[in-house]
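What follows is a set of notes on a single structure, which appears directly below.
Residues take their numbers from the sequence shown, with the count starting at 1. Every number for a ligand or one of its atoms is a count from 1 in the order of the listing.
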Amino acid sequence: MIVIATTVPKVQKWLEDALAEYAPQEAYCLAHSEQAQQATTAISWFPDLDYLETLPNLKLIHSMAAGVEHLNLKRIGDRYAVCRVVDESHQKGMYDYLQWCVLYYQRFFDVLIAQQLQQRWKQPPQKTSADVKIGIMGLGQMGGYIAEKFAKLGYQVSGWSRSLKQIEGVTCFAGDAQRQDFLAQSEILINLLPLTEDNVGLLNTELFQQLPKGACIINCGRGQHLNEQDLIAALDSEQLRGAILDVFAKEPLAQDHVFWQHPKVLVTPHVASHAPWSAVIGQILENDHRVQQGLALVNEVNVMKGY
Ligand code: NDP
């Protein structure tokens, strides 16, 4: 039995609709209902842990997304198993989004749009994929997939993760010791890290200065990875050429936020990629079945590592 566990009313409605469509009625219930006492799995987005801890049969807290930073893993500890959603169409969606972002800078659409506003006719150079150096932070389910795809298109791709990876066509770096070398060759830096305690504010002045001058940033990780003031300063000083931001420390982005109007910032409203509801609900039903049977779970999170 799955219980819906979120403190965000809009998400509660999405989850109710998705479960109604993709789960048999006997498989789920609402928080605070009598049936919730039987719940073995909580489908979660910013859950109320005080409430979940009152449920006697709960074994699994399942993120409805790829990220788990909204769950408060520190408090969960080893009390419950934690899983997240991983799906190929989710990876493909991210790849589509990022292909557009890379081409936007590769073919100078940022410059062309600015020129059109001034009715200015000037042809930028034509760069091919082989001329462009992409750096990907995080080589997990998302970053690893994206790195391999861009390498196959002929881009010069580097990737950075905690442990060293081997990905065909990708120059891989690992750990803090190799971070500077990785950054030095990232003209377009894509952030696909999970948010953990040790990488809050990682995209800051120190990091921007280690990138080649005129580098571009694409943040698809989490808003808290980015120091917003540092980004504005780096754009204004031309250390950075531009930024495409999909995620923000506070979502929705405030109406009066400086990012909306900044000529070098492109804002997208956390749309880079969503797993289809059919896949989200399918994985959660599968894991609920597994947790009840005592079987190994799919896409389990390492609570100690935080992702
Ligand atoms: P994974 O857990 O599969 O991969 C995480 C990667 O980050 C791993 O390669 C890991 O290294 C690396 N990593 C973690 N911490 C560090 C660190 N301190 N230093 C260096 N590398 C580190 O996650 P996913 O790829 O599935 O997803 C990543 C994130 O993407 C999600 O948490 C979410 O925030 C974001 N996302 C955003 C979406 C959007 O629409 N904007 C959609 C989907 C995801 P190692 O392999 O060595 O452990």
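Of the possible polar contacts, one joining the N57 side chain to the Q37 backbone as a donor-acceptor pair under 3.5 Å is found. Under the 3.5 Å distance criterion, the side-chain polar atoms of Q283 are matched with a main-chain donor or acceptor of V86.
Qualifying salt bridge (charged side-chain N to carboxylate O under 4.0 Å, His left out) partners for R241, counting only residues two or more places apart in sequence or in other chains: D110. Listed by chain and residue number, nothing satisfies the side-chain hydrogen bond (donor to acceptor under 3.5 Å, both in side chains) test with Q261 (two or more places apart in sequence, or in another chain). With sequence neighbours excluded, the residues forming a side-chain hydrogen bond (donor to acceptor under 3.5 Å, both in side chains) with H262 are D236, listed by chain and number.
In summary, K305 and D198 do not engage in a salt bridge, as defined by a charged side-chain N under 4.0 Å from a carboxylate O.
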Protein N/O near ligand 1 N/O, under 3.5 Å, which pairs?
unit_1	atom_1	unit_2	atom_2	d
ligand 1	3 (O)	R84	NH2	2.9
ligand 1	3 (O)	Q141	N	2.9
ligand 1	9 (O)	L139	N	3.0
ligand 1	9 (O)	G140	N	3.1
ligand 1	11 (O)	R162	N	3.2
ligand 1	21 (N)	R162	N	3.0
ligand 1	25 (O)	Q141	N	3.2
ligand 1	25 (O)	M142	N	2.8
ligand 1	26 (O)	R84	NH1	2.8
ligand 1	26 (O)	R84	NH2	3.2
ligand 1	34 (O)	G221	O	3.4
ligand 1	34 (O)	R222	NH1	3.3
ligand 1	40 (O)	S273	N	3.1
ligand 1	40 (O)	S273	O	3.2
ligand 1	41 (N)	C220	O	3.2
ligand 1	41 (N)	D246	OD2	3.0
ligand 1	46 (O)	K165	NZ	2.6
ligand 1	47 (O)	R162	N	3.2
ligand 1	47 (O)	S163	N	2.6
ligand 1	47 (O)	S163	OG	2.6
ligand 1	48 (O)	Y307	OH	2.5

